[in-house]
Amino acid sequence: MSVRLLNTASRSLENFTPLDPAGRVVKMYTCGPTVYNYAHIGNFRAYIFEDLLQRHLEVRGYAVERVMNLTDVDDKTIAGCKRCGVPLADFTQTFKDAFFEDIKTLRIRPATHYPAATAPEYIERMIDMIKTLQAKEIAYLAEDGSVYFRIAKFPRYGELAHLNLEELRPSGRIQSDEYEKEAVGDFALWKAWNPNDGDVWWESPWGRGRPGWHIECSAMATALLGPELDIHCGGVDNIFPHHEAEIAQSECVTGRHFARTWLHCAHLMVDGQKMSKSLGNFYTLRDLLAKGYSGREIRYVLLSVHYRLPLNFTLSGLDAARAALERLDAWVERLQTLAGETLASKEHPPTPACTRFLEALDDDLNISGALGHLFDWIRESNRAMDAGSVTALLAAQTLADFARIQSVLELGAETAAVPAQVLALVEQRQAARAARDWAGSDVLRDAIAAAGWQVKDTKQGPQLTRV
RNA sequence: GGCGGGGUCGCCAAGUGGUAAGGCCGAGGUCUGCAAAACCUCUACCGCGGGUUCGAUUCCCGCCCCCGCCUCCA
């Protein structure tokens, strides 16, 4: 069974096949962060969805070449660097560094390329693309020195979002300062410098200015992945106008079909409401780490809801994630103890549970269904271990299959070395228990807990867990 | 007004034309020196009203409610 994905362009479930004649390489473009602040968990919801997609494609044998852009020039980054009184590049570097730290914390597999909008080669490419569009009379220079895309020249504009442009109701968000446009829907390819931009500008055939947002993605995607992409992802809010604009620009320049599969994840809500600073429910990753939650707990929460469903993020959801992960960890520990040094044979047939897990993900990344299979498997396996019917070999094979699942989930426990002092306490406690000195044993258990470890007495002996 | 996503157990959330996975929390139990873990048992008339059908949570129609987009927000 192949991987099936719901393509925003067709609004239907499609069997996924890459363009690569060998059917192996997948070219994937994912809209990345605007580096004007620390990214919030809503941003990471999108990045974790893309991570899940990439990892699942990889487990299915594809080689994913992925690009994630860094938008390091726009109104917000310019406003930010002015506020701080530092050069734009210094301002954005802080948040680029933070972004890379954060994705590491969340165990997001790095993309192949992270092109930045301000890199000279991409600025140059954007200018070239705009020149091409201008030569085709698709782009026009306005009186203020900005260059706009004439959407009347691209009849398919609006198709991805299923919008009929004639029926659009004007919303308050239309920029009132763009008087120069021929049509209200035309979007900026190149923005002329204005005094607010300070020393942020690049020379161009149209004078000083900076690129528009949309052209950035078109330029970097086609530069790094070629004119046709297999998959293009982003949040639902990017469908219109951003992705429409990308399609229009790219296709008018290359003459090729830009992206074959469009995937969009739904928004994240907090406590049932839109996350916003004024409601006080706005979380960056760092806010949650400061509350004592770990990257993998946050990863679990963001991962465990299907990407096209709105995700309602709550602190109690994080607590539930913690409990679920502890259950998972305890199971793995048990298996490891049983397996000891035994290795799984390379030829063993996969456990049906592992197969079911991956098949659920084949179905448009049905993560909830997949996790359901995983927890069914955990219960059955625990039951078998309780009954004493699991051999070292079976435990080893179970672990080998689970490793396959973990290559997609990446939810393994952090391993921490047990300090010698704690080990000594555990030994003393074992001696006390052997002597049936229960009071002494309990005092030692408290001492171990005070050192940050929990000791559990199992049939195989005491087991330590980091608290 | 247009386009789109939702309403399934206290919370999160799968799923199917034949009376509903899983996780968390809760109650009781087995095991254990006591714990912990694990396991077992228990907890849902699937937003409302019609229709199609032998039978609908699942298909169709209407309605209510929530959320998003509608020109630079993941």
Side-chain angles (χ1 to χ4, degrees), chain A residues 8 11 30-34 39-50 71 74-76 151 158 161-171 173-175 178 181 183-188 191 212-216 233-242 244-245 264-269 272-274 300-301 304-306 308-314 316-317 319-331 333-334 360 366-376 378-379 381-387 433 436-439 441-442 445 454-459 463 465:
Chain A
T8 306
R11 306 286 154 116
T30 51
C31 286
T34 300
H40 58 70
I41 52 169
N43 298 311
F44 289 119
R45 198 256 166 124
Y47 307 147
I48 283 188
F49 141 62
E50 290 152 1
T71 298
D74 80 320
D75 290 347
K76 286 181 293 228
I151 61 167
H162 291 208
L163 288 179
N164 181 338
L165 298 173
E166 260 86 83
E167 291 173 5
L168 283 189
R169 169 195 276 198
S171 83
R173 288 175 56 185
I174 292 180
Q175 291 282 334
E178 293 181 342
K181 295 194 286 189
V184 68
D186 291 352
F187 55 87
K191 304 180 94 156
W213 177 41
H214 312 303
I215 193 71
E216 169 193 325
C233 305
V236 279
D237 51 331
N238 275 159
I239 297 174
F240 192 89
H242 183 53
E244 293 284 0
H264 294 96
C265 71
H267 270 131
L268 172 142
M269 292 192 297
Q273 291 177 294
K274 186 171 180 172
Y300 185 95
V301 168
S304 59
V305 175
H306 184 86
R308 280 190 288 105
L309 253 38
L311 189 160
N312 187 20
F313 184 91
T314 60
S316 64
D319 294 332
R322 175 170 293 176
L325 286 168
E326 279 168 7
R327 182 171 158 74
L328 206 89
D329 294 346
W331 175 62
E333 263 180 41
R334 253 187 118 174
N366 181 355
I367 186 68
S368 303
L371 289 172
H373 294 307
L374 172 60
F375 282 102
D376 281 341
I378 290 175
R379 189 177 351 90
S381 169
N382 272 322
R383 197 188 297 153
M385 285 192 278
D386 282 354
R433 294 184 72 227
R436 308 185 74 79
D437 171 15
W438 308 127
S441 158
D442 289 347
R445 178 160 58 197
Q454 184 195 28
V455 61
K456 296 182 222 171
D457 302 316
T458 71
K459 280 181 188 141
Q463 193 140 60
T465 322

A/Phe375 over B/rG22, stacked by centroid distance under 5.5 Å, angle under 30°: no
Roughly, in whole Å, what's the span from [atom1] in [X] to [atom2] in [N]?
X: A/Phe240; N: B/rG2; atom1: CZ; atom2: P; value: 17 Å
X: A/Leu328; N: B/rC24; atom1: CG; atom2: P; value: 10 Å
X: A/Leu311; N: B/rC11; atom1: CG; atom2: C1'; value: 13 Å
X: A/Leu309; N: B/rG68; atom1: CG; atom2: P; value: 15 Å
X: A/His267; N: B/rG4; atom1: NE2; atom2: C1'; value: 13 Å
X: A/Asp237; N: B/rG68; atom1: CG; atom2: C1'; value: 8 Å
X: A/Arg308; N: B/rG68; atom1: CZ; atom2: C1'; value: 15 Å
X: A/Asp442; N: B/rC34; atom1: CG; atom2: P; value: 11 Å

Given RNA chain B, 5'-ward residue of the pair A/Arg433 and A/Val305, judged by closest heavy atom: A/Val305
Closest-nucleotide ordering on RNA chain B, the 5'-leading residue of A/Asp319 and A/Val236: A/Asp319
Heavy-atom donor-acceptor pair, A/Ser441 side-chain to B/rG33 base, under 3.5 Å: yes
hbond_proxy A/Asn366 side chain to B/rG15 base (donor-acceptor, 3.5 Å cutoff): no
Could you identify the nucleotide paired to [N], looking across every strand shown and requiring Watson-Crick or G-U wobble geometry with both distances under 3.5 Å?
N: B/rG22; result: B/rC12
N: B/rC39; result: B/rG29
N: B/rA44; result: none
N: B/rG4; result: B/rC67

Which part of the nucleic acid does [X] contact within heavy-atom distance under 4.0 Å: base, sugar-phosphate only, or nothing?
X: A/Gly185; result: base
X: A/His242; result: nothing
X: A/Asn382; result: sugar-phosphate
X: A/Ile367; result: nothing
X: A/His40; result: base
X: A/Gly234; result: sugar-phosphate
X: A/Asp457; result: base

If you only use heavy atoms from C-beta on, which nucleotide in [options] is closest to the side chain of [X]?
X: A/Ser316; options: B/rA37, B/rC69, B/rC11; result: B/rC11
X: A/His162; options: B/rG4, B/rA38, B/rC73; result: B/rG4
X: A/Ser368; options: B/rA13, B/rC24, B/rC40; result: B/rA13
X: A/His306; options: B/rA14, B/rA21, B/rC39; result: B/rA14
X: A/Lys76; options: B/rA21, B/rG2, B/rC73; result: B/rC73

Side-chain N or O of [X] less than 4.0 angstrom from OP1 or OP2 on [N]?
X: A/Arg379; N: B/rG22; answer: yes
X: A/Lys456; N: B/rA38; answer: no
X: A/Arg445; N: B/rA35; answer: no
X: A/Arg327; N: B/rA38; answer: yes
X: A/Asn43; N: B/rC73; answer: no

Rounded distance (nearest 0.5 Å) linking atom CZ of A/Arg308 with atom OG1 of A/Thr8: 8.5 Å
Other residues, nucleotides, ligands: >12 heavy atoms within 6.0 Å of A/Arg11 CZ: yes
A/Arg322/A/Asp319 ion pair, N-O < 4.0 Å: no
Pairing of A/Asp442 and A/Arg445 as salt bridge, 4.0 angstrom limit: yes
Minimal non-hydrogen separation, A/Ser368 against A/Ser304, with atom names: OG-O, 3.4 Å
